[in-house]
Amino acid sequence: MLNDALVAVVSFLAGCGVTALWLGRRRGPSAVAPGELPAPLQESITAFGEELRGLTVTPEETEANPRLLEDYRLALAAYDRAAAAGSERAALAALRDGRAALIRLAARRAGRPVPIDALPALDAGRDAPEPPEVPENATGERFLIVGGGEGAVEELIDRPEPDRPAIVEVTSTNGGRLAVTPVIRTEDETETGTDLLRSYRESSQGRVLLWPGPTHLRVESSYEEQRWSVRIRPLSAAPPLGAEWRGRGGREVLFYDGGPALLTAQARSKDSWSIRFVCGCLQDRDCRCHMPRWPAETPGESRNVWGSKDGQRRLRLPRPGYLILEGEEDDHEWYLSVEPVPEAPPPPRRASRSRRRPSSNPS
């Protein structure tokens, strides 16, 4: 009779979504040893377990949105699969599934569009597809995608700061053409954006700004020996722009933390290039800055500058924000220098004219 009572209680809790919470508390990273997997992969499995342990889902949430509970259970099951995996392929596939479930769960909670998986390959219509091949240097580390060889892959974006802009750091070696493209793939919309980065050199490295909205990144490489990595970083990872900065490469994102200033940009290039200032608020693409009172003789453009081959341009920096450096090739050389500009004094106030009030006494 006691067993029957326990079954009844567990059934009731399952209906409320509490069973998943209890399992989440019981299943910690030490519940199942990852086995003989490489140490970095074991660390990724442990980190995913700790992420699950710190997640709280209430019965009220699951009653309002049952699919939230489904995502949570999928994440728990994926952790168990990863912890008990006997191969790197199986562990990495489980981590990928588990993190995708948590990304969907977070989107449902916040009321954002829910991302979906990319369309399967034409020959993948099997009941139990094989886990994907393990790219070299794959460790399951969060916010990091690695790959190689000829072809294209599409991976779900796990943002360090959900629904906020992020920095995409791309590295490529031993190859030719590499393209990184943002994709929106949700339950209600599918849209492919313009390339964030395109490289044709044997080795390249660059940082680009990723706006809110895209849910996936498509990475396409053209050479069998090519190896690449894509790391998603928060905006705080942008290198600081001090009084001066020197660099080399086609794409970069810098953070300027100062007041009104004049940027002098010198570039050495074989092709076109541009520098764009984005205000530090970065709420969305329509982020607007309050302009300072520039002295009348202040040179420079207000928002962006363009150049072709070797050149020098000046750009006004109104307040803290981000500089987006873009070049057509990876062999650009940049030299940036910043000179503070004092604001112009406010215009004098006009003297107010006093008006006589009509007398209220009759004449």
Taking a hydrophobic cluster as the set of Ile, Leu, Val, Met, Phe, Trp and Tyr residues connected by side-chain heavy atoms closer than 4.5 Å, whether directly or through intermediates, do [X] and [Y] fall within one such cluster?
X    : Y    : value
V208 : I232 : yes
V153 : L217 : yes
L196 : I167 : no
W228 : V146 : no
I145 : F48  : no

Do [X] and [Y] come within less than 4.5 Å of each other through their side chains, counting heavy atoms only?
X    : Y    : answer
R218 : T192 : yes
R233 : R207 : no
H332 : E252 : no
P165 : L209 : yes
P240 : F255 : no
R251 : E326 : yes

Are any side-chain N or O atoms of [X] and backbone N or O atoms of [Y], one a donor and one an acceptor, separated by less than 3.5 Å?
X    : Y    : result
T62  : L69  : no
R293 : A344 : yes
D310 : S269 : yes
S199 : L178 : no
R316 : T298 : yes
S221 : G149 : yes
Q42  : L37  : yes
H216 : I116 : yes
R159 : R164 : yes

With a cut-off of 6.0 Å (strictly less than), are more than 12 heavy atoms of other residues, nucleotides or ligands near [atom1] of [X]?
X    : atom1 : result
F143 : CZ    : yes
R268 : CZ    : no
E191 : CD    : no

Worksheet item: Does a side-chain N-to-carboxylate-O contact under 4.0 Å join R313 and E301?
Response: no
Discussion item. My understanding is that only residues two or more places apart in sequence, or in another chain, count here; which of them pass salt bridge (Lys or Arg N to Asp or Glu O under 4.0 Å) with R231?
Written reply: E141
How does the hydrophobic cluster around [X] look, that is, which other residues are in it when side-chain heavy atoms under 4.5 Å mark a link?
X    : result
L254 : L241, W245, Y256, L263, W273, I275, F277, V305, L315, L317, L323, L325, W334, L336, V338
I103 : L156
V114 : none

Response to the item:
Sorted by chain and number, sequence neighbours left out, side-chain contact (heavy atoms from CB on, under 4.5 Å) with E339 holds for none
Worksheet item: Between E61 and R108, does a salt bridge (Lys or Arg N to Asp or Glu O under 4.0 Å) hold up when you go through it step by step?
Response: CA-CA 10 Å; E61 287 180 301; R108 296 188 203 280; over 6 Å; no
Practice prompt. Kindly determine whether E155 and V219 satisfy side chain to side chain contact (heavy atoms under 4.5 Å, CB included), including the steps that lead there.
Written response: CA-CA 8 Å; E155 295 287 344; V219 184; over 6 Å; no
Worksheet item: Does the pair T264 and Y335 meet the rule for a side chain to side chain contact (heavy atoms under 4.5 Å, CB included), with working shown?
Response: CA-CA 8 Å; T264 301; Y335 174 65; over 6 Å; no
Worksheet item: After noting the C-alpha distance and the side-chain angles of T139 and E43, does the key distance pass the side chain to side chain contact (heavy atoms under 4.5 Å, CB included) rule?
Response: CA-CA 9 Å; T139 64; E43 292 174 2; over 6 Å; no
Worksheet item: For Q226, which residues count as a side chain to side chain donor-acceptor pair (under 3.5 Å) partner, sequence neighbours excluded?
Response: S172
Item to complete: Before giving the answer on side chain to side chain contact (heavy atoms under 4.5 Å, CB included), spell out for V168 and L197 the whole-Å C-alpha distance, their side-chain angles and the decisive distance to 0.1 Å.
Response: CA-CA 10 Å; V168 177; L197 181 144; over 6 Å; no
Practice prompt. Measure across N304 and R276 and return the closest heavy-atom pair with its distance rounded to 0.1 Å.
Written response: CB-CA, 3.9 Å
